[in-house]
There are 2 protein chains.
Amino acid sequence: MGDTKLKETLERVLIAAEALFAENGYDGTTLRQITQRANVNLAAVNYHHGDKESLYLEIIRRRLQPINESRLKNLAAAELGAEGSPVPLDVLVEIMARPLFELYADADHGGRHAARLIGRSLVEPLPFMTKFLAAEFQPVMSRFGQALRRHAPALPPEDFLWRLSFVVGAMLHALATLHRMKDLTRGICRDNDQVAARARFVQFAVRVLGTP
Amino acid sequence: MGDTKLKETLERVLIAAEALFAENGYDGTTLRQITQRANVNLAAVNYHHGDKESLYLEIIRRRLQPINESRLKNLAAAELGAEGSPVPLDVLVEIMARPLFELYADADHGGRHAARLIGRSLVEPLPFMTKFLAAEFQPVMSRFGQALRRHAPALPPEDFLWRLSFVVGAMLHALATLHRMKDLTRGICRDNDQVAARARFVQFAVRVLGTP
DNA sequence: GTCTATAGACGGATAGAC
DNA sequence: GTCTATCCGTCTATAGAC
């Protein structure tokens with residue numbers, strides 16, 4: 001088999017594992033389920049991706065790193081354009097939220113599952129993931145925290161952090177439940193309109209973070 | 001052994017299992033871990049509580065049913081007192097949030113773990129739990145949805161439900177991460193002040209739900 | 001690189017003595 | 001009711017043929 005087929009095989013494992021991890025969690029997913037779904041031999045996973053933990057970490061990293069890089073890049077650009085004045089709140093929230101909602105909308109490439117999995121991995125504390133996640137989010141949270149803070153300088157730090165926690169929680173929950181939003185609301189809320197969902201989220205976050 | 005000791009034994013299993021399920025999830029917890037932590041023989045779990053799924057369901061139900069009953073009772077009382085006019089928003093939110101935050105504060109009786117577990121069980125979709133959870137929350141969501149709706153009658157249903165989803169997500173996330181809030185904020189936010197956390201949540205939810 | 005076969009450990013659940 | 005011992009299935013991971 002040539003390189004093309006090979007790459008496709010490895011990719012199929014990642015896609016299959018991503019969907020299963022998102023749906024059933026790390027402990028609820030077996031390597032056998034993954035290889036079966038990917039139409040790959042069981043031994044291929046360990047050969048190419050190492051053990052189960054490495055595979056999981058690799059899947060998360062592959063999605064998360066470009067997202068956080070893009071966030072930092074867009075924040076830097078926005079700050080440059082603002083020329084010293086605070087970047088508008090809605091712009092900040094948009095920069096944070098957009099990559100995840102867009103990932104979710106990229107259904108053909110498994111983005112739905114990837115977005116759900118990211119949300120899930122941030123909620124359920126897997127021992128072997130904590131160090132990676134802390135390091136991965138430290139720069140983003142630090143820089144965005146500062147930028148957001150300029151819109152409510154008088155707010156006590158404790159209140160500010162609680163609000164931030166509520167907003168983050170709302171976003172993770174939205175990502176984790178978007179796929180069944182239609183069922184949960186008896187058809188009133190669509191689950192396939194990523195743009196509308198994001199607009200509502202930005203509106204919500206601005207209202208929460210932008211009040212003294 | 002008398003009845004007293006027996007009850008204590010069964011109770012110890014529930015407490016131990018609750019903590020482990022909260023920390024490691026359903027699939028991440030083994031019956032052996034549970035019995036070891038509870039200082040109980042392995043076979044005792046199956047004998048008294050049936051299989052693993054029954055045990056999990058029993059733990060959730062034991063905590064959730066009184067909470068939802070209390071919510072419905074308090075809502076009915078508040079509506080009676082309001083004499084036809086809408087129950088104030090902060091009262092509604094308080095009725096919904098209070099039982100969970102108080103459960104969390106009841107550390108000696110394992111309430112912290114129970115609250116985390118409830119949050120977790122509402123996020124991760126265990127197949128054998130969905131029917132129970134849907135039935136358990138249907139009356140609460142229906143009645144409170146109506147009561148909340150009176151404060152924003154002009155708001156399109158879709159927007160209302162999205163806001164509700166954000167608020168619920170923020171609350172579940174708060175419950176799931178309260179225990180590490182201090183670490184996540186470098187000591188700025190305390191994790192043992194349930195009253196302050198609840199007050200901030202109510203303020204947050206009122207702001208979100210009470211704007212046209 | 002890819003497969004089969006299997007090692008080796010651990011899981012849930014139960015039989016049967018006490 | 002409580003315990004020990006164990007069955008039986010499934011899991012991850014790897015050895016070794018091709």
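Proteins get letters first, then strands, A, B, ... in listed order; numbering begins at 1 in each.
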Quiz item: Can you list every ring-ring contact (aromatic ring centres under 6.0 Å, His included) pair that touches residues 11-44 of chain B, not counting sequence neighbours?
Solution: Phe21(B)-Tyr26(B), Phe21(B)-Tyr56(B), Tyr26(B)-Tyr56(B), Tyr26(B)-Phe128(B)
Exercise. Send over the distance from His48(B) NE2 to dT14(C) P, rounded to a whole Å.
Key: 15 Å
Quiz prompt | Value in whole Å for how far the P atom of dG12(C) lies from CG of Asn41(B) | solution = 14 Å
Quiz prompt | Under 3.5 Å side-chain donor-acceptor pair for His113(B) and Glu23(B) | solution = no
Quiz prompt | Length of the line joining Asp27(A):CG and dT10(D):P, which is rounded to integer Å | solution = 18 Å
Quiz item: Can you check the His49(B) NE2 to dT2(D) C1' distance for me, whole Å?
Solution: 14 Å
Quiz item: Taking only residues two or more places apart in sequence, or in another chain, which ones meet Ser54(B) in a side chain to side chain contact (heavy atoms under 4.5 Å, CB included)?
Solution: Asp51(B)
Quiz item: Sequence neighbours excluded, which residues qualify as salt bridge (charged side-chain N to carboxylate O under 4.0 Å, His left out) partners of Glu102(A)?
Solution: Arg98(A)
Quiz item: Taking CD from Gln36(B) and C1' from dC10(C), how many angstroms apart are they, rounded to a whole number?
Solution: 14 Å
Exercise. Going 5' to 3' through nucleotides 12-18 of chain D, assign each nucleotide B (protein heavy atom under 4.0 Å from a base atom), S (under 4.0 Å only from sugar-phosphate atoms) or - (no protein heavy atom that close).
Key: BBB----
Between side-chain atoms of residues 191-201 of chain B and protein atoms elsewhere (two or more places apart, or another chain), which donor-acceptor pairs fall under 3.5 Å?
| unit_1 | atom_1 | unit_2 | atom_2 | d |
| --- | --- | --- | --- | --- |
| Asp193(B) | OD1 | Val195(B) | N | 3.4 |
| Asp193(B) | OD1 | Ala196(B) | N | 3.2 |
| Arg198(B) | NH1 | Glu94(B) | OE2 | 3.0 |
| Arg200(B) | NE | Asp159(A) | OD2 | 3.1 |

Quiz item: Excluding sequence neighbours, so at least two apart, what forms ring-ring contact (aromatic ring centres under 6.0 Å, His included) with Phe160(B)?
Solution: none
